[in-house]
Amino acid sequence: MQSIQSSLTMPLASVKPLEPLLGYRAYCLDATRATLASGAVPRKRSPVADAALEAAGDVEGLAYARCPETGSLFLASVAPAPAWATLLRDVTRYRQAPDAVHQVIARSRSEHVYAPKLEWIEGTLRLQGVERPRVLEVVTPPSGFTAFLERSTRIAAVETVDEMTLLGAAPGGDTLADAAVLLETLDRVNDPAAVLRAVARRLVPGGLVFVTALVASGFDVTVLGLRSLYLYPPDRTNCFSLEGLERLLAAAGFALDELSTPGVLDVEIVDAHLRHDPRVPLSPFERRLVTAGRETRVAFQTFLQEHGMSSFARVVGKRTR
Amino acid sequence: MNVLVFGYGYMGKLRYEVLRRHPDVDEIRIVDPFADAKALGLEGVLLPPDAEIPWSEVDAAFVCTPNDVTASLCVEALRRCRHVFCEKPPGRDWADFSRITEAAAAVPDHTLVFGFNHRFHPAIRAAKAMLGDGGLGDVLFVKGTYGKSGGTRYRESWRNQREISGGGILLDQGIHALDLFDFFLGPLSLTNALLADSFWGCGVEDNAFVLLRSASGVPAFLHSSATLWKHTFRIEIGARDGYLLATGLLSQTGSYGREQLVIGRRQFEDEATALGNPREEIIYFDRDDSWTLEVNEFLSAIKEKRPATHGTLAEAGRVMALIRDAYARDESRGARQDG
């Protein structure tokens with residue numbers, strides 16, 4: 001297995017500016033509350049371990065639970081698949097609105113988020129010797145990444161499938177893909193284990209799955225916990241730890257080829273929270289770290305990457321069964 | 001498949017462990033007159049010192065012996081048994097290697113592979129995959145440093161006694177780096193070489209500086225050393241659209257450091273925040289399958305009745321020719337200075 005560290009740099013404001021995203025966050029929380037009000041299904045067991053979930057607190061009244069074995073965080077209740085699919089389509093539509101912050105930063109996200117992700121996928125395909133694969137993009141459409149995948153000369157064909165309807169698809173009915181791309185898909189679906197199993201069924205033996213996720217074991221989520229303003233449903237219905245993500249993939253029949261945390265924003269995210277609310281509880285060490293000079297912050301962020309402690313995780317799995 | 005392993009030193013043990021796990025290997029017998037079967041837990045596996053070698057029952061032989069017996073055993077194994085895996089170096093010198101070549105020529109349908117496992121190291125395989133069209137483009141140069149610290153028993157080791165080993169650090173360890181240069185650049189010729197017995201005084205080189213050129217004119221440079229004090233493995237590849245730096249080696253002791261590959265893409269001032277400081281990615285590897293992959297390839301070639309793809313006689317010949325030429329170049333320089 002391998003892990004990857006990157007010296008890519010980008011300002012937080014260019015990819016997920018804290019203050020401008022608060023409106024979207026409020027919309028997501030309201031939409032989730034409304035969805036759960038019409039039928040909530042409590043989650044008793046951890047999706048990544050044979051363990052009962054434990055209470056972890058709440059995000060503005062929406063309870064989260066923790067997996068005691070892996071430290072992964074999960075929204076304590078979800079809705080059945082049809083309602084959850086509607087919720088995901090709803091927040092996706094919000095992001096597509098012309099005045100939404102996502103549209104304002106669309107260009108910089110393309111440069112700083114999508115382009116490096118495509119480079120990662122293309123580089124991995126090259127390292128794995130996979131020529132001209134058929135790629136399954138698993139997302140609630142539309143996705144800004146689809147066009148990137150379609151433009152790639154290394155990829156033969158792209159099929160975008162709704163992450164929630166994938167569960168209901170008849171197994172083996174469709175053409176099998178050589179690779180699947182799940183950019184934060186597992187973070188937002190109501191049953192990540194089932195989605196991943198469905199993805200495995202759509203892949204050829206040896207097919208690759210590319211997963212990105214925000215992980216609870218990363219620095220900023222560890223420090224801020226449920227106070228993190230980036231942790232809210234439905235986008236972060238599931239916030240796996242790195243170990244949780246590893247277990248999830250293994251249980252769905254994937255062997256890991258890469259498990260990396262090449263995030264570059266952990267320190268800046270904590271700093272942004274501190275600037276947003278100076279009362280945010282940080283230890284003296286954490287406070288000193290996030291307010292230190294650029295060189296110290298960069299060195300610490302590099303350390304987090306190298307040791308699997310950043311909150312942005314990248315995983316490549318290979319279907320073994 | 002029944003396999004015979006000659007020599008139960010460091011390499012013999014390693015090969016034995018890989019062979020034990022291979023599904024196509026039925027029986028392994030080990031020949032090593034200096035090994036104690038009871039102490040090693042190898043009763044029934046290690047042949048008694050006076051036992052006849054069961055050539056007729058064997059499909060493949062692994063030659064994992066000191067260099068002074070490598071050629072003789074390899075020649076014998078080629079003659080008596082169809083398939084031979086021989087550790088590097090393929091003999092002490094060009095004369096030894098020529099004997100092996102001659103024996104191999106007489107049995108062209110037999111499989112002969114030499115142990116150059118570094119080609120199978122994950123950082124090297126990743127580096128190879130990154131080069132060429134659609135990647136970092138053609139190679140502009142290769143630089144390598146491969147060295148070790150020696151240690152208190154360095155002088156006692158057979159590896160540093162010319163009559164047994166045939167040469168010093170270049171033949172013992174540098175040969176792997178030369179093979180990697182061949183892997184990345186194809187056949188090379190020697191441009192210059194400077195060898196020194198700087199510290200250990202064993203009568204063989206403990207430092208070698210070797211300048212090479214590929215058939216298409218790409219330069220390569222190797223520093224092979226037994227006086228680095230810090231175990232070092234470093235291969236730097238400059239390419240048209242970026243660069244690669246493979247450092248560290250996954251090994252049992254981890255003394256060469258964490259195996260990693262730095263991938264940098266060429267960026268001029270219109271693309272990078274600072275000229276000469278492009279974005280890099282570092283891939284860290286945590287699993288060394290090189291020994292398994294190398295043995296698998298040898299056994300697969302036998303099973304599939306096809307030529308082996310790595311560690312071939314031609315590849316071994318090319319690195320032995322470079323070492324022969326490096327020793328000759330250094331000797332002729334010494335002779336000129338003496339004169």
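The figures that follow rest on heavy atoms only: side chains count, while hydrogens, waters and symmetry mates do not. To find a chain, count down the sequence lines: A is the first, B the second, and so on, and within it residues start at 1.
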Assess the side chains of B:Trp291 and B:Glu17: does a donor N or O sit below 3.5 Å from an acceptor N or O?
no
Are B:Phe62 and B:Phe298 an aromatic pair, judged by ring center distance below 6.0 Å?
yes
Proximity of A:Phe300 and A:Phe219 rings by center, below 6.0 Å:
yes
Determine the option with the most heavy-atom pairs under 4.5 angstrom with chain A, choosing from B:Arg125, B:Lys128, B:Met130, B:Arg287.
B:Met130
Any ring-ring contact (aromatic ring centres under 6.0 Å, His included) pairs touching residues 236-264 of chain B, not counting sequence neighbours?
B:Tyr146-B:Tyr256, B:His231-B:Tyr256
Tell me whether the guanidinium CZ or amine NZ of A:Arg319 lies under 6.0 angstrom from the six-membered ring centre of A:Phe254 and within 45° of its axis.
no
Could you walk me through whether B:Phe120 and B:His310 pass the ring pair (Phe, Tyr, Trp, His ring centres under 6.0 Å) check?
CA-CA 9 Å; B:Phe120 291 94; B:His310 290 282; 4.8 Å; yes
Heavy-atom contacts under 4.5 Å, residues 302-315 of chain A to chain B:
A:Glu306, A:Arg314
